[in-house]
Engineer: 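Following this message is one structure expressed as structure tokens.
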Amino acid sequence: QVQLVESGGGLVQAGGSLRLSCAASGATFSRSVMGWFRQAPGKEREFVAAIRWTAGTTYYTDSVKGRFTVSRDIAQNTVFLQMNSLKLEDTATYYCAATWRTYIPDSWLGYDYWGQGTQVTVSS
């Protein structure tokens, strides 16, 4: 079965950087779309970024454009989210997700498999 395991979260000061990883296993990911979402307490899970596994095409929500970069290492079956210039409002639990839909969903409803999440806390 598909397993997604996130790592790399932590506490960082505003303006700092973190790199999240998502180790994927249990399927062939060549036609998948891998997404990153985040959820802050009391808020809905929101789309952050996504990448087409094979083509490497990337997509971002407006609030992270220019600051976050999603990438993947096909040989390691791992997806990354490099987060720079972190802001207080980036504080959330970050989730990795996978889908084999032919389009790029920007809603959590469009993804079929999820990791357990990793906490990112940005302090002032």
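Being a predicted model, the structure only gives us computed values, none of them experimental. Residue indices begin at 1 and follow the sequence shown.
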Engineer: Working to the nearest 0.5 Å, report the span between CZ of Phe68 and OG1 of Thr58.
Structural biologist: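 Answer for the CZ-OG1 pair, Phe68 versus Thr58, is 14.0 Å.
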
Engineer: Looking only at heavy atoms, which two atoms of Phe29 and Ala24 are closest? And how far apart?
Structural biologist: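 That closest heavy-atom pairing would be CZ-CB, 3.5 Å.
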
Engineer: Is a donor on one side and an acceptor on the other found under 3.5 Å between the side chain of Arg45 and the backbone of Trp108?
Structural biologist: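 No; judged by distance alone, with no hydrogens or angles, the pair does not exist.
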
Engineer: With side-chain contact (heavy atoms from CB on, under 4.5 Å) as the test, pick out the partner of Val120 among Thr91, Leu11, Leu20.
Structural biologist: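 In the set Thr91, Leu11, Leu20, the residue that makes a side-chain contact (heavy atoms from CB on, under 4.5 Å) with Val120 is Leu20.
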
Engineer: Distance from Ser32 atom OG to Arg101 atom CZ, nearest 0.5 Å?
Structural biologist: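 The OG atom of Ser32 sits 13.0 Å away from the CZ atom of Arg101.
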
Engineer: What's the shortest heavy-atom distance between Gly110 and Thr99, and which atoms?
Structural biologist: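 Scanning both residues completely, I find the closest heavy atoms to be O-OG1, 3.1 Å.
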
Engineer: Cluster question for you: counting only ILVMFWY and a side-chain heavy-atom cut-off of under 4.5 Å, with indirect links fine, are Trp100 and Leu4 together?
Structural biologist: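 Yes; Leu4 is reachable from Trp100 via cluster members.
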
Engineer: Between Gln39 and Tyr95, is any pair of side-chain heavy atoms under 4.5 Å apart?
Structural biologist: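 Side chain of Gln39 against side chain of Tyr95, heavy atoms only: contact under 4.5 Å found.
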
Engineer: Below 4.5 Å, heavy atoms only, C-beta onward: do Gln82 and Ser17 meet side chain to side chain?
Structural biologist: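 Contact flag for Gln82/Ser17 side chains = yes.
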
Engineer: If only atom types and distance count, is the side chain of Ser107 paired as donor or acceptor with the main-chain N or O of Leu109 below 3.5 Å?
Structural biologist: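 It does hold such a pair.
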
Engineer: As a quick check of understanding, evaluate side-chain hydrogen bond (donor to acceptor under 3.5 Å, both in side chains) for Thr93 and Gln119, giving each step before the final call.
Structural biologist: CA-CA 4 Å; Thr93 301; Gln119 178 66 37; 2.8 Å; yes

Engineer: Are Ser124 and Leu88 packed together at the side-chain level, in the sense that at least one heavy-atom pair is separated by less than 4.5 angstrom?
Structural biologist: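 Yes, side chains in contact.
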
Engineer: Keeping the roles fixed (side chain from Glu6, backbone from Thr118), state whether a donor-acceptor pair exists under 3.5 Å.
Structural biologist: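 Not confirmed, Glu6 side chain does not pair with Thr118 backbone.
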
Engineer: Can you confirm whether Arg52 sits close enough to Tyr59 that some side-chain heavy atom of one is under 4.5 Å from a side-chain heavy atom of the other?
Structural biologist: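 In short, these two side chains touch, coming nearer than 4.5 Å.
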
Engineer: Quick one: does Arg72's side chain have a donor or acceptor within less than 3.5 Å of a partner on Trp53's backbone?
Structural biologist: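 Yes, because the side chain of Arg72 sits within donor-acceptor range (under 3.5 Å) of the backbone of Trp53.
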
Engineer: Calculate, to the nearest 0.5 Å, the distance between atoms CD and OG belonging to Gln13 and Ser123 respectively.
Structural biologist: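 OG of Ser123 is found 5.0 Å from CD of Gln13.
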
Engineer: Quick check: do Val48 and Leu81 have side-chain heavy atoms less than 4.5 Å from each other?
Structural biologist: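 Heavy-atom side-chain distance check passes, below 4.5 Å.
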
Engineer: Taking side chain as C-beta onward, heavy atoms only, is Met83 less than 4.5 Å from Tyr94?
Structural biologist: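 The answer is yes, as the side chains (C-beta and beyond) meet within the 4.5 Å cut-off.
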
Engineer: Please examine the side chains of Trp36 and Cys22, heavy atoms only from C-beta on, and report whether any two atoms are closer than 4.5 Å.
Structural biologist: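 A side-chain contact under 4.5 Å exists here.
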
Engineer: Nearest heavy-atom pair of Ala92 and Ala40: which atoms, and what distance?
Structural biologist: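 In this case the closest contact between Ala92 and Ala40 is CB-N, 3.9 Å.
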
Engineer: If you apply the rule side-chain hydrogen bond (donor to acceptor under 3.5 Å, both in side chains), what do you find for Asp73 with Thr78, and how did you get there?
Structural biologist: CA-CA 5 Å; Asp73 184 321; Thr78 302; over 6 Å; no

Engineer: Measuring from atom OH of Tyr113 to atom CE of Met34, what distance do you get when rounded to the nearest 0.5 angstrom?
Structural biologist: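 Atom-to-atom, Tyr113:OH and Met34:CE are 12.0 Å apart.
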
Engineer: Within this structure, what is the CG-OG1 distance for the pair Asp90 and Thr121, rounded to the nearest 0.5 Å?
Structural biologist: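 With rounding to 0.5 Å, CG (Asp90) is 11.0 Å from OG1 (Thr121).
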
Engineer: Do Arg67 and Lys87 pass the side chain to side chain contact (heavy atoms under 4.5 Å, CB included) test, and can you show the C-alpha distance, the side-chain angles, and the key distance before you say yes or no?
Structural biologist: CA-CA 10 Å; Arg67 300 190 298 123; Lys87 303 177 180 180; 3.7 Å; yes

Engineer: Mind running side chain to side chain contact (heavy atoms under 4.5 Å, CB included) on Val70 and Tyr60 for me, showing each step along the way?
Structural biologist: CA-CA 9 Å; Val70 60; Tyr60 300 92; 3.5 Å; yes

Engineer: Once you round to the nearest 0.5 Å, how far does OG1 of Thr69 lie from CD1 of Ile51?
Structural biologist: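 Going from OG1 on Thr69 over to CD1 on Ile51, the span is 10.0 Å.
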
Engineer: Indicate yes or no: at least one non-hydrogen side-chain atom of Phe37 is less than 4.5 angstrom from one of Glu44.
Structural biologist: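 No, their side chains stay 4.5 Å or more apart.
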
